[in-house]
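Proteins get letters first, then strands, A, B, ... in listed order; numbering begins at 1 in each.
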There are 2 protein chains.
Amino acid sequence: MRDERFCASNCSFTRAIGTIGNKWKPIIINVIGTRTVRFGQMDSIIPHISRKVLTEQLKELEEDGLLTRIAYKELPPRVDYRLSEKGLAFLPILESIKEWNLKYEVALTPKENDRITYSK
Amino acid sequence: MRDERFCASNCSFTRAIGTIGNKWKPIIINVIGTRTVRFGQMDSIIPHISRKVLTEQLKELEEDGLLTRIAYKELPPRVDYRLSEKGLAFLPILESIKEWNLKYEVALTPKENDRITYSK
DNA sequence: GAATCTGGTTACTGCGAGGTAACTACAAAA
DNA sequence: TTTTGTAGTTACCTCGCAGTAACCAGATTC
């Protein structure tokens with residue numbers, strides 16, 4: 001899931017991409033934001049993610065110091081996730097990605113074969 | 001290679017991640033920068049990427065309007081790649097990722113079994 | 001006694017990303 | 001005449017990402 005060749009690169013930028021350059025991590029960081037979020041919340045908020053993948057991604061984000069996992073010794077279990085200073089510092093970058101996309105995303109142009117054709 | 005569920009999302013941010021949220025695209029955009037770069041150049045500059053994957057990624061980046069492909073009718077073939085306005089507008093984001101990583105990347109802590117041990 | 005609630009973990013499985021190698025066209029050089 | 005150089009494309013194969021389902025603990029509710 002994490003590409004060792006990226007993480008072991010001597011290029012800082014490549015290592016950074018190895019850390020956050022996949023589709024789930026920016027989504028997860030964005031969902032947490034400045035809040036404290038429980039595992040089950042993320043599981044239901046984020047579309048199409050499986051519990052297994054969510055667990056893996058959260059574990060990697062924790063290992064890379066982007067978030068903090070707080071497990072309460074209760075039953076049924078309760079686990080909170082919160083962004084660390086490093087994770088919080090990444091939020092402005094996500095904001096600029098949002099602005100960038102809003103400004104430049106091409107309007108969905110109808111493809112040739114999607115066009116309405118007048119047949120007799 | 002591109003996740004349809006992301007590209008078809010009604011969330012602009014999710015679509016953005018669908019566009020540039022993988023490991024190769026930020027690397028490619030960063031390598032091109034403000035220059036004009038040939039296919040073979042990228043192939044030799046970017047470590048560990050295969051021609052096949054490079055071709056695919058470049059095609060998707062072109063489809064998403066991030067870069068321009070300029071093919072000269074010569075033999076042997078010559079193809080230039082250059083960032084579009086949209087692609088150029090993404091460069092500052094990559095810069096802030098670099099700064100973010102420089103600031104927060106944890107110092108590589110030696111693992112237990114990498115430590116020097118004094119054996120008799 | 002059974003069901004529920006939560007945050008996982010594990011085993012099984014399939015599909016597809018991605019690697020490799022071979023092949024292309026054609027001109028110019030050796 | 002053979003080789004070289006460029007930018008791919010194609011066929012083939014493998015590995016592993018990720019989906020699914022089952023299972024767990026143990027307190028609380030029904």
Please check the phosphate of [N] (OP1 and OP2 only) for any side-chain N or O of [X] closer than 4.0 Å.
{"X": "A/Arg38", "N": "C/dT6", "result": "no"}
{"X": "B/Arg78", "N": "D/dG8", "result": "no"}
{"X": "B/Ser50", "N": "C/dG18", "result": "no"}

Report summary line: Looking only at D/dG19, C/dT9, C/dG7, the nucleotide nearest the B/Arg5 side chain is D/dG19

Report summary line: The nucleotide from D/dG8, C/dG18, C/dA25 with an atom nearest the side chain of B/Pro77 is C/dA25

Requested in this report: Please work out if B/Tyr81 contacts a base, only the sugar-phosphate, or nothing of the nucleic acid, heavy-atom cut-off 4.0 Å.
Outcome: sugar-phosphate

Requested in this report: Determine the contact category for A/Arg2: base if any of its heavy atoms lies under 4.0 Å from a base atom, sugar-phosphate if only primed atoms, P, OP1 or OP2 are that close, otherwise nothing.
Outcome: nothing

Query raised in the report: Has the side chain of A/Arg51 got a donor or acceptor atom sitting under 3.5 Å from an opposite partner on the base of C/dG7?
Result: yes

Requested in this report: Group every Ile, Leu, Val, Met, Phe, Trp and Tyr by side-chain heavy-atom contacts under 4.5 Å, then state whether B/Ile17 and A/Leu102 land in the same group.
Outcome: no

Query - Rounded distance (nearest 0.5 Å) linking atom OG1 of B/Thr19 with atom CG of A/Asn101 - result: 6.0 Å

Query raised in the report: 5'-most contact on DNA chain C: A/Leu75 or B/Lys23, nearest heavy atom basis?
Result: A/Leu75

Report summary line: Walking DNA chain C from its 5' end, the first of A/Leu58 and A/Lys52 to be reached, judged by nearest nucleotide, is A/Leu58

Round to a whole Å and report the spacing from [atom1] of [X] to [atom2] of [N].
{"X": "B/Asp3", "N": "C/dG16", "atom1": "CG", "atom2": "C1'", "value": "12 Å"}
{"X": "B/Lys59", "N": "D/dT10", "atom1": "NZ", "atom2": "P", "value": "8 Å"}
{"X": "B/Asp43", "N": "C/dT20", "atom1": "CG", "atom2": "P", "value": "12 Å"}
{"X": "B/Glu56", "N": "C/dT20", "atom1": "CD", "atom2": "C1'", "value": "14 Å"}
{"X": "A/Asn22", "N": "D/dG16", "atom1": "CG", "atom2": "P", "value": "18 Å"}
{"X": "B/Ile49", "N": "C/dG18", "atom1": "CD1", "atom2": "C1'", "value": "11 Å"}
{"X": "A/Glu74", "N": "D/dT28", "atom1": "CD", "atom2": "P", "value": "11 Å"}
{"X": "B/His48", "N": "C/dT20", "atom1": "NE2", "atom2": "P", "value": "11 Å"}

**Report entry** Donor + acceptor pair across side chains of A/Thr36, A/Asp80 (<3.5 Å)
**Finding:** no

Report summary line: Note: A/Asn10 and A/Arg15 closest approach over all heavy atoms is C-NH1, 3.5 Å

Query raised in the report: For the residue pair A/Trp100 and B/Phe13, is the inter-centroid distance of their aromatic rings smaller than 6.0 Å?
Result: no

Requested in this report: Map B/Phe39 and A/Val53 onto DNA chain D by nearest heavy atom, then report which one ends up closer to the 5' terminus.
Outcome: B/Phe39

